[in-house]
Amino acid sequence: MTDIRVRIAPSPTGPLHLGTARTALFNFLFARHTGGTFIFRLEDTDQARSSVEFERDILDGLHWLGITWDEGPAVGDEPERGTFGPYRQMARVARYAEAADRLLAEGKAYYCYCTPAELDAERKRQEETHEPTRYNGRCANLTLAERAAFEAEGRRPVVRFRVPRSRVIAFDDMIRGHVEIDTDALGGDLVIVRSDGTPLYHFTVAVDDAAMAISHVIRGEDHLSNTPKHILLFEALGVAVPRFAHLPLILNPDRTKMSKRKSQTAVADYRAQGFIPEGFVNYLALLGWSTGTEEEVLSSAELVEKFDLATVNKAGAVFDRERLEWLNGQWIRRLPPDDLVNRLRPFLQAEADAGRIDWLPTDEEIRSLLPVVQERLPVLAKVGELIGFLFVKDLDPDLALLVPKRWDVATTSVGLEAARRTIAATGEVAWEAEEIEAPLRRLVEDRGWKAGDLFMAIRVAVTGRTATPPLFDTMVALGYERTLARLDRAIEKLGAQAASST
RNA sequence: GCCCCCAUCGUCUAGAGGCCUAGGACACGGCCCUUUCAAGGCUGAGAUCAGCGGUUCGAAUCCGCUUGGGGGUACCA
């Protein structure tokens, strides 16, 4: 039993973001490494932008990554687990109201009747006179009569939390060390409840972290400047202040905070492109952290074992897709065959759905292709490009590709015809890679050709591509009859070309 | 504007005062392997450790300043 409790608190206002996934992962690694408890809480108080679809996407995405939590929604087959719930903020509104009332009663907060338009005007004025933009405290000490007058005007108040003047808030960030921020830089008294009665982020996060006994707040650096607000709120609420750890941001190539506009940020998109959880998690963990050794291909279990917040970097990290693909390929190569077959199936199904292949191979067929496929896949979605030609009825090879660089149409024609005869002579019973290769090499030698030229012509005739898995294995997979048929088709096409050019 | 954070190859990073003529990985070039593409092996190029001042016998590592970058500054989260 340990009292370490950490949480991920995503807002369902968009699909699962890479940055959220990374923050979740670091919380998860910290919790598992220390034997602490990991909590999932949904911050859905922005009702205008929240949706259940996004909620689903976030839950699915984290599950896919193998990031599991001990308390929160969707744990195992339970809709919700944990004794600190509910874990969805809209189901906790009564608690925020109660907390707000308490702050109000204690004079730590007050009703503010300023309208957004008035606030905007004030902010604009401050900007023009180069004053720091902050709430001017106009409603900080309203009399009952003044309040009544505003109410009579039909104004609905917000609740503002009193931020003390000129006090230095200091905390020891587990990643950044000692940080001090003056409360004068906080923008004045802070709105904690909207005029429609719904609570705001800074308030809910403090109320919930307190209620859920969160011991360590591990989140993105974008929250660093807001931390004093939370500390003030924890103090006002009369609860212990948790420890903080602010993770470096994930960056666009131009080193700005990673955004949808400039980068691919949705985890679901990476999943659809054939990244696998092992590779993705490995990559994310190494964005801003390293073991301090030269090991880089690390399983989730190894990450848990080695993870340490103290060695997390301070500087932001540019997201590098090439490195992600390399790491993903490393993990694909390590997958057991049956496992890989299962993971490939949906991608082949997608090829079929898109009409790029005419039928779906069986598991046995996929499995037999693994030796030539596994090391050629940086991402699973590349499988169609790699072996799709095996599952199409008709192939129409491009003439320009069919004729090898050093050959002309006539030579290619002669070459393929000779190859066709040689291959046909191999026969269906001896249809194995070595059996096909040996006579073709003899043919090449007899005619004084270069093996590469003939093989390239055959490759294009049989696959339609210049880059394929090993040719003879490919032909075996294609089958005797279909190989000959494709060679015939290519020969025919070359013949037509020869005729038309004379 | 104000506040906060950050700063080692293009990118991710190792580096916690001498082990650094700065190591690894991705990407890039070459070679090997080879029927193409990969994978793998070897190898090369790539960083005046942002700059300037200190501290020290000694600094990428400690301190200060400057510069640059980023983040925050909502009735978003």
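Note that the structure is predicted; figures quoted are calculated from it, not measured. By convention in this document, chain letters (A, B, ...) are assigned in the order of the sequence lines, proteins followed by strands, and residues within each chain are numbered from 1.
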Within the structure shown, what part of the strands sits under 4.0 Å from [X] by heavy-atom distance: base, sugar-phosphate, or nothing?
| X | answer |
| --- | --- |
| A:Pro470 | base |
| A:Pro248 | nothing |
| A:Arg134 | nothing |
| A:Gln89 | nothing |
| A:Thr45 | sugar-phosphate |
| A:Ala185 | sugar-phosphate |
| A:Asp196 | nothing |
| A:His246 | nothing |
| A:Gly288 | sugar-phosphate |
| A:Gly292 | sugar-phosphate |
| A:Phe472 | base |
| A:Ser225 | base |
| A:Val318 | sugar-phosphate |
| A:Arg49 | base |

Whole angstrom is fine here: how far is it from [atom1] in [X] over to [atom2] in [N]?
| X | N | atom1 | atom2 | answer |
| --- | --- | --- | --- | --- |
| A:Trp326 | B:G10 | CH2 | P | 20 Å |
| A:Leu286 | B:U11 | CG | P | 17 Å |
| A:Leu251 | B:C5 | CG | P | 18 Å |
| A:Arg138 | B:C75 | CZ | C1' | 15 Å |
| A:Asp173 | B:C6 | CG | C1' | 13 Å |
| A:Asn226 | B:G70 | CG | C1' | 15 Å |
| A:Phe389 | B:U36 | CZ | C1' | 11 Å |
| A:Arg167 | B:C3 | CZ | P | 20 Å |

[atom1] atoms of [N] and [M], separation to the nearest Å:
| N | M | atom1 | value |
| --- | --- | --- | --- |
| B:U13 | B:A7 | P | 11 Å |
| B:G46 | B:U36 | P | 31 Å |
| B:G70 | B:A50 | C1' | 15 Å |
| B:G51 | B:A45 | P | 23 Å |
| B:A60 | B:U8 | C1' | 7 Å |
| B:C12 | B:C42 | C1' | 24 Å |
| B:G54 | B:G17 | C1' | 15 Å |
| B:G23 | B:A16 | P | 14 Å |

I'd like to know if [X] reaches the base of [N] with its side chain, counting only an N/O donor and acceptor under 3.5 Å.
| X | N | value |
| --- | --- | --- |
| A:Ser195 | B:C75 | yes |
| A:Arg459 | B:U35 | yes |
| A:Arg376 | B:C37 | yes |

Please state whether the phosphate of [N], meaning OP1 or OP2, lies under 4.0 angstrom from any side-chain nitrogen or oxygen of [X].
| X | N | result |
| --- | --- | --- |
| A:Lys229 | B:U73 | no |
| A:Arg219 | B:A77 | no |
| A:Arg123 | B:U73 | no |
| A:Arg22 | B:C12 | no |

For this session: Classify the ring geometry between A:Tyr111 and A:Tyr113 as parallel (under 30°), tilted (30 to 60°) or perpendicular (over 60°).
Result: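 Geometry flag for A:Tyr113 against A:Tyr111: tilted rings.
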
Would you call [X]-[Y] a salt bridge at under 4.0 Å N-O?
| X | Y | value |
| --- | --- | --- |
| A:Arg138 | A:Glu122 | no |
| A:Arg123 | A:Glu127 | no |
| A:Arg334 | A:Glu278 | no |

For this session: Could you pull out the closest heavy-atom pair between A:Glu221 and A:Lys314, with the gap in Å?
Result: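 So the two residues come closest at OE1-O, 4.3 Å.
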
Exercise. Can you name the nearest heavy-atom pair linking A:Thr474 to A:Leu390, along with the distance?
Worked result: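 Here A:Thr474 and A:Leu390 meet closest at O-CD2, 3.9 Å.
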
Quick one: which of [options] gets closest to the side chain of [X]?
| X | options | result |
| --- | --- | --- |
| A:Ile181 | B:C4, B:C12, B:A7 | B:C4 |
| A:Ser290 | B:U13, B:C37, B:C76 | B:U13 |
| A:Glu294 | B:G24, B:C6, B:C76 | B:G24 |
| A:Arg255 | B:G69, B:C75, B:C5 | B:G69 |
| A:Asn313 | B:A14, B:C12, B:C6 | B:A14 |
| A:Gln330 | B:C6, B:C4, B:G40 | B:G40 |
| A:Thr256 | B:G70, B:U36, B:C6 | B:G70 |
| A:Arg333 | B:A39, B:C12, B:A7 | B:A39 |

[N] - base-pair partner by Watson-Crick or wobble geometry, distances under 3.5 Å:
| N | result |
| --- | --- |
| B:U35 | none |
| B:C2 | B:G72 |
| B:U66 | B:A50 |
| B:C42 | B:G30 |
| B:U61 | none |

For this session: Nearest-nucleotide wise, let me know which of A:Pro157 and A:Arg176 is further upstream toward the 5' end of RNA chain B.
Result: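 Between the two, 5'-proximity favours A:Arg176.
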
Exercise. Considering heavy-atom distances to RNA chain B, does A:Glu437 or A:Glu131 have its closest nucleotide positioned more toward the 5' end?
Worked result: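 Nearer the 5' end of the strand: A:Glu131.
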
For this session: Please test A:Gln330 against A:Glu296 for side-chain contact (heavy atoms from CB on, under 4.5 Å), starting from the C-alpha separation and ending with a verdict.
Result: CA-CA 10 Å; A:Gln330 290 293 320; A:Glu296 299 191 285; over 6 Å; no

Problem set entry | Six-ring centre of A:Phe455, A:Arg459 cation under 6.0 angstrom, axis tolerance 45° |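 Checked: cation-pi criterion not met.
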
Exercise. Do A:Arg160 and A:Tyr135 meet the cation-pi criteria used here (NZ or CZ under 6.0 Å from the six-membered ring centre, within 45° of the axis)?
Worked result: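 Because its charged atom sits under 6.0 Å from the ring centre and within 45° of the axis, A:Arg160 does stack over A:Tyr135.
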
Exercise. Looking only at side chains, do A:Asp208 and A:Tyr96 share a donor and an acceptor under 3.5 Å apart?
Worked result: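 Looking only at side-chain atoms, A:Tyr96 and A:Asp208 do form a donor-acceptor pair, the distance falling under 3.5 Å.
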
